[in-house]
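Beneath this line is the structure, given in structure tokens, with notes to follow.
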Amino acid sequence: MTETVLILENLYKRFGNLTAVNNVSLEVKRGEIIGFVGPNGAGKTTTLKLIAKLIKPNSGNIFILNKQGKLQNLQGNSKNLVEMGFLIDIPHFYNSNPYRLLKYIANLRNYPKEKLKQRIDDLLTVFNLTKWKYKKVKNFSKGMIQKLGFIVAIIHDPEIIILDEPQTGLDPNARIDVRRYIRSLQKKGKTIFVASHMLYEITEVCDKIALINQGSIIEFDTLDNLENLLRTKEIICELLEPIPIEKKDLIITKLIQRLKPYLEKNLDPSISTDPISYNSQKKSFTIYYNGMDLSRTNILQILVNDFKSDFTIDSFSKPRTSQLERLYTQIINDNAQ
Amino acid sequence: MNSLNNFYYKIKPVFHTFIFEIRLQMKKFIIFPVATILLLFLNSYLPYILYTPLESSQAYFYEFGTIYFIIIIVLAVSIFFGGIICSEFKNKTGLEVLPLINRYKLLIGKYFANLILVIGIVAVHYLTMALFGYNFYGGPLLKTLLYSFGFAVLYVLALGSIVTFLSSIMPSITPVIVIMSGYVLILDNILSFLILGINSELEPLYSLGYLFTIITKIFFPDFSTMERRDTFTGGWLFPSIEGALALLSLYTVIFFIFSIILFKHREF
């Protein structure tokens, strides 16, 4: 059985009349990557700050695995807890250089002295900051600051890593680097929290997603399970070649006829008015189906067998990001009503 | 051995913070001794070379060289200690370090680093003054220089704790500097004057300006027998050694404890 490394238990945090965190409970296993998704002011950062002990909860408990393999209340003596690393908010640093900063942070957590220099060099290399090693942080761009913030969070090789909007300000290459590094950390058994607005990043790296709104966790599950909550589900079917424009309507009509048993019957008009639509620029069909796995299999078989002469399928997939976007909107809106 | 190891692990973050803070503040540190030496040169060297007759004794020479030093001490302490807590919140640097280090340890590390730097500035002042004194009066130097230095260090400790306390409640370093300088250099005098008007018998040991006078008066070898009240006005001239020791120590301890408590409960 996978070991539990962190438990949030009935957490409440109020700022005056505002309840920023409202009865949040969560259990996280070793090696999981948890995505924290929610609108601005939903309570994501506040929850992370509670875990970081930067603020205290009004009530509730946070239990974290200690070095003896037992869960221990964070509010007590925290010296025996497993190492944690944090990137909270946009990072701000003392006006020093990355080498000194990283050395200081690692020393604070007793990272082995003999490995430290190599560790700093390795991480600076991974994130392309080697030539900035001895340059003052005040001269860094936003993206470089963010990358350094990420390195600070992991420099001492923590077991639990808390990342608040780690992709903010990063260029596409750096995002890929960070994403890749997060996955490599998971392979090493690290447990990671990622709070982000960037749903694509969340879907790419997270095993489980906690949807948070108005201080409460509305849903907490794997993306696949969360997708089951969607009233409407879609499939994107990309074609190798575009279909001739004059044949488009005919093919769509034929498709609707053939796929009728599997299509969504109560399609939300705010999502689409047609169960099947064609995007000529992307050379793809969007098919809104009833969400059953068997239906998906049947749809694929029909497309391959019955439309051989009309088009060739290049890819057939559920768009994870847009699913999450829709799920996010649906749940947040439902919750607001 | 085990308890020694435990102690070492407990003290390590303080030590690393101390070193890191010293390096961070090094630029500021260089400015102050230069300013101190320059001021001493202009105030306690050049005039005597050019036109002013030399003071009658080393003690008077040192007293004159130290009177204005309160301005440097107050400024240095405010600038070095002023951001000790509030900057962690204002600049959000605390978000990086506070999850990793116990707040007490961070505060102690930073406090002692800044203390050492300000004491360094004070030491430069006294060394320069001693050098000039030796140049004018020859040896041996008054050993009361050391007593005065000791009280200057204690004064720095007390001011450091007060400024740290202010830093724990203020949003940024600027109001800390303004309040501290304004209080010690202006308000404190007005307050002492008003209280003196109400009760002239009450020794103004509460006054930071009054406590500073021991640093300038203790140079005199006959300090212990000197009259502590003005024979004409009845006003208090300087505190006793015991009084100054007690009040400066009290300020140091009380304000430091308050700072720790407030820092512990301050949130982002």
Side-chain angles (χ1 to χ4, degrees), chain A residues 13-15 20 45-46 48-58 74 77-81 83-97 99-111 113 116 136-138 145 148-153 155-156 158 160-162 164, chain B residues 2-3 5-30 79-80 83-110 113-114 172-173 261-268:
Chain A
K13 179 64 188 175
R14 284 179 281 273
F15 297 107
T45 303
T46 308
L48 300 187
K49 282 182 180 174
L50 287 167
I51 302 170
K53 260 181 123 174
L54 289 168
I55 52 175
K56 281 183 184 165
N58 292 99
L74 183 68
N77 186 351
S78 55
K79 73 171 184 181
N80 275 329
L81 298 176
E83 288 294 339
M84 294 200 281
F86 299 90
L87 166 61
I88 291 178
D89 221 324
I90 297 161
H92 293 78
F93 298 109
Y94 300 106
N95 187 24
S96 188
N97 60 50
Y99 178 72
R100 272 194 196 150
L101 272 169
L102 294 170
K103 195 176 156 195
Y104 173 53
I105 297 286
N107 278 332
L108 286 182
R109 301 311 305 165
N110 289 321
Y111 189 81
K113 203 177 170 184
L116 182 55
K136 289 268 175 160
V137 173
K138 69 176 176 186
I145 291 273
L148 186 58
F150 186 82
I151 299 174
V152 164
I155 184 71
H156 54 297
I160 301 172
I161 302 156
I162 312 280
D164 188 9
Chain B
N2 211 5
S3 63
N5 269 347
N6 271 345
F7 177 73
Y8 172 69
Y9 274 101
K10 273 183 188 170
I11 207 84
K12 245 175 94 173
V14 177
F15 172 73
H16 289 301
T17 303
F18 176 86
I19 299 290
F20 187 73
E21 181 75 7
I22 293 255
R23 283 179 171 160
L24 270 185
Q25 303 281 28
M26 202 39 88
K27 254 190 195 166
K28 282 188 212 167
F29 174 71
I30 291 164
I79 289 169
F80 280 91
I84 209 166
I85 293 175
C86 62
S87 67
E88 298 290 350
F89 294 86
K90 164 95 175 165
N91 304 336
K92 293 188 175 178
T93 46
L95 289 173
E96 308 303 322
V97 289
L98 289 177
L100 304 175
I101 180 172
N102 176 313
R103 291 189 183 205
Y104 303 135
K105 291 178 185 174
L106 181 76
L107 182 59
I108 291 169
K110 289 181 82 173
N114 287 298
S172 67
I173 185 170
I261 294 168
L262 288 166
F263 183 34
K264 175 83 182 160
H265 291 97
R266 191 163 170 174
E267 292 189 340
F268 282 89

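Order of the sequence lines sets the chain letters (A, B, ...), proteins ahead of strands, with each chain counted from 1.
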**Asked** Hey, what do you get for CG (A:Leu108) to CG (B:Asn102), rounding to the nearest 0.5 Å?
**Response** 11.0 Å
**Neighbour count >12 (heavy atoms, 6.0 Å) for atom NZ, B:Lys105** = yes
**Message:** Heavy-atom pairs under 4.5 Å with chain B: which of A:Asp89, A:Val152, A:Thr46 has the most?
**Reply:** A:Asp89
**Request:** Check B:Gly94 against A:Leu54 and note the closest heavy-atom contact, atom names and distance.
**Result:** O-CD2, 4.1 Å
**Fill in**
Nearest heavy-atom approach of B:Thr93 to A:Phe93 is CG2-C, 3.5 Å
**Complete:** Turns out that what part of B:Leu106 lies under 4.5 Å from chain A's heavy atoms comes down to side chain
**Request:** Show your working on side-chain contact (heavy atoms from CB on, under 4.5 Å) between A:Lys103 and B:His16 and close with a plain yes or no.
**Result:** CA-CA 9 Å; A:Lys103 195 176 156 195; B:His16 289 301; over 6 Å; no
**Asked** With no hydrogens and no angle check, do the side chains of A:Asn110 and B:Lys12 hold a donor and an acceptor under 3.5 Å apart?
**Response** yes
**Request:** Measure the CD1-CZ distance between A:Ile55 and B:Arg266 for me, rounded to the nearest 0.5 Å.
**Result:** 14.5 Å
**Asked** Got a sec: does the NZ of B:Lys28 have more than 12 other heavy atoms crowding it under 6.0 Å?
**Response** yes
**Prompt:** Got a sec: does the NZ of A:Lys138 have more than 12 other heavy atoms crowding it under 6.0 Å?
**Reply:** no
**Asked** Does any heavy atom of chain B fall under 4.5 Å from the side chain of A:Leu101, the backbone, both, or neither of them?
**Response** both
**Complete:** In this structure, CG of A:Asp164 is separated from CG of B:Leu95 (nearest 0.5 Å) by 9.5 Å
**Prompt:** Quick one: what part of B:Leu24 sits under 4.5 Å from any heavy atom of chain A, side chain, backbone, both or neither?
**Reply:** side chain
**Item:** Gap separating the CD1 atom of B:Ile101 from the CD1 atom of A:Ile105, nearest 0.5 angstrom
**Value:** 9.0 Å
**Asked** More than 12 non-hydrogen atoms from neighbouring residues, nucleotides or ligands closer than 6.0 Å to CD1 on A:Ile90, yes or no?
**Response** no
**Prompt:** How long is the gap from CG on A:Asn95 to CG on B:Asn91, to the nearest 0.5 Å?
**Reply:** 10.0 Å
**Request:** Could you look at B:Thr17 and say if it's the side chain, the backbone, both or neither that has a heavy atom under 4.5 Å from chain A?
**Result:** both
**Prompt:** Is the number of heavy atoms from other residues, nucleotides or ligands within 6.0 Å of CZ (A:Phe15) greater than 12?
**Reply:** yes
**Message:** Taking every non-hydrogen pair under 4.5 Å, which of A:His156, A:Glu83, A:Arg109 racks up the most with chain B?
**Reply:** A:Arg109
**Item:** Separation between CD of B:Glu96 and CG of A:Leu87, rounded to the nearest 0.5 Å
**Value:** 7.0 Å
**Item:** Lys/Arg-Asp/Glu bridge criterion (N-O < 4.0 Å) met for A:Lys53, B:Glu267
**Value:** no
**Request:** Classify the ring geometry between A:Tyr104 and B:Phe20 as parallel (under 30°), tilted (30 to 60°) or perpendicular (over 60°).
**Result:** parallel
